[in-house]
Q: 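Mind having a look at this structure? Questions to follow.
Below, each value reflects all heavy atoms present in this structure, side chains not excepted, and no hydrogens, waters or symmetry copies.
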Amino acid sequence: MSVVFSVIIPVYNVEMYLPKCLDIILAQTFKNFEVILVDDGSKDNCPEICDNYAAEDDRIKVIHKENSGLVSARNTGIKAATGEYICYVDGDDWITEDLLQIIWDKAVRDYQPDMIVF
């Protein structure tokens with residue numbers, strides 16, 4: 001089965017929040033996903049945090065680039081994504097541990113929509 005969700009996380013100077021964000025995403029009850037961390041030229045410890053998480057979990061890809069803003073970071077993530085659906089999460093945000101499962105159960109599995117907005 002191919003990857004269902006590509007979770008794209010633009011990262012810029014959010015070292016205080018990033019570990020919690022990643023821990024919750026990696027604890028998802030739905031397991032068929034990848035995480036693409038796009039370090040957008042962070043000046044704090046985010047590059048190291050991203051690399052450390054990627055070394056521990058092969059679902060995580062890290063892209064380091066010069067700072068060029070949120071839209072550019074998301075577009076970079078899209079180019080690297082292999083999932084059928086893209087989900088954006090900011091590096092200082094948290095999602096519920098069952099978010100991807102809910103999306104799968106309520107929309108994707110039965111309806112295969114082109115887009116889900118929430």
Q: Nearest 0.5 Å, what's the CG-CD1 distance between Leu37 and Ile60?
A: 6.0 Å
Q: May I ask you to decide whether Asp40 forms a salt bridge with Arg74, counting only side-chain N to carboxylate O separations under 4.0 Å?
A: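 Result for this pair is no, no salt bridge flagged.
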Q: Please confirm whether the backbone N or O of Pro113 pairs with a side-chain atom of Tyr85, one donor and one acceptor, at under 3.5 Å?
A: yes
Q: Which one of Val7, Val4, Ile25 satisfies the side-chain contact (heavy atoms from CB on, under 4.5 Å) criterion with Leu100?
A: Val7
Q: Taking C-beta and beyond as the side chain, do Ile95 and Gln28 meet within less than 4.5 Å on heavy atoms?
A: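 Heavy-atom side-chain distance check passes, below 4.5 Å.
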Q: Any chance you could measure Asp57, atom CG, to Asn52, atom CG, to the nearest 0.5 Å?
A: 13.0 Å
Q: Just verifying a value: how many Å separate Tyr17 OH and Leu22 CG, rounded to the nearest 0.5 Å?
A: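 So the gap between those two atoms works out to 15.0 Å.
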Q: Could you list the residues that satisfy ring-ring contact (aromatic ring centres under 6.0 Å, His included) with Phe33, not counting sequence neighbours?
A: none
Q: Could you tell me which non-hydrogen atom of Asp90 sits nearest to which non-hydrogen atom of Ile9, and how far apart they are?
A: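 Minimum heavy-atom contact is C-CG2, 4.0 Å.
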Q: Taking Glu34 for its side chain and Thr82 for its backbone only, find out whether a donor-acceptor pair lies under 3.5 Å.
A: yes
Q: Could you give me the CA-CA distance, side-chain angles and deciding distance for His64 and Asp39, then say whether side-chain contact (heavy atoms from CB on, under 4.5 Å) is met?
A: CA-CA 5 Å; His64 298 285; Asp39 169 37; 2.9 Å; yes
Q: Give a yes or no on this: more than 12 heavy atoms of other residues, nucleotides or ligands lie within 6.0 Å of atom CD of Gln112.
A: yes
Q: Are Tyr12 and Ile63 joined in one hydrophobic group, where the rule is that I, L, V, M, F, W and Y side chains link up if heavy atoms are under 4.5 Å apart?
A: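 In one cluster with Tyr12: Ile63, no.
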Q: Taking atom CD1 of Ile116 and atom CD1 of Ile86, what is their separation to the nearest 0.5 Å?
A: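 Here the interatomic distance stands at 12.0 Å.
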Q: Would you say that more than 12 heavy atoms from the other residues, nucleotides or ligands in this model lie under 6.0 Å from the NZ of Lys106, or not?
A: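 Open.
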Q: Can you measure from NZ (Lys61) to SG (Cys50) and round to the nearest 0.5 angstrom?
A: 15.0 Å
Q: Is it the case that atom NZ in Lys43 sees more than 12 heavy atoms from other parts of the structure closer than 6.0 Å?
A: no
Q: Donor-acceptor pair, Asn32 side chain versus Phe5 backbone, under 3.5 Å?
A: no
Q: Is there a chain of hydrophobic side chains (I, L, V, M, F, W, Y, each step under 4.5 Å between heavy atoms) that links Ile36 to Leu26?
A: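 No, Ile36 does not connect to Leu26 through the hydrophobic network.
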Q: If I take atom OG1 from residue Thr96 and atom CD from residue Gln101, how far apart are they, to the nearest 0.5 angstrom?
A: 11.0 Å
Q: Quick one: are Phe118 and Leu99 in side-chain contact, heavy atoms under 4.5 Å?
A: yes
Q: Decide yes or no for Phe30 and Ile102: does some side-chain heavy atom of the first lie under 4.5 Å from some side-chain heavy atom of the second?
A: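 Of all side-chain heavy-atom pairs linking Ile102 with Phe30, none is under 4.5 Å.
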Q: Report the C-alpha separation of Arg59 and Lys31 in whole Å, then their side-chain angles, then the decisive distance to 0.1 Å, and conclude whether the side-chain contact (heavy atoms from CB on, under 4.5 Å) test is met.
A: CA-CA 10 Å; Arg59 294 175 294 178; Lys31 300 298 184 189; 4.3 Å; yes
Q: Are any of the side-chain heavy atoms of Asp23 and Trp94 separated by less than 4.5 Å?
A: no
Q: With a 4.5 Å heavy-atom cut-off, do Val89 and Val35 have their side chains touching?
A: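 With C-beta onward as the side chain, the pair stays apart.
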Q: With no hydrogens and no angle check, is any side-chain donor or acceptor of Asp93 less than 3.5 Å from a backbone partner on Cys21?
A: no
Q: Begin with the C-alpha distance, continue with both residues' side-chain angles, and end with the deciding distance and a verdict on side-chain contact (heavy atoms from CB on, under 4.5 Å) for Leu18 and Tyr53.
A: CA-CA 10 Å; Leu18 188 57; Tyr53 272 83; over 6 Å; no
Q: Is there a side-chain contact between Asp44 and Met16 (heavy atoms, below 4.5 Å)?
A: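 Side-chain contact under 4.5 Å: no.
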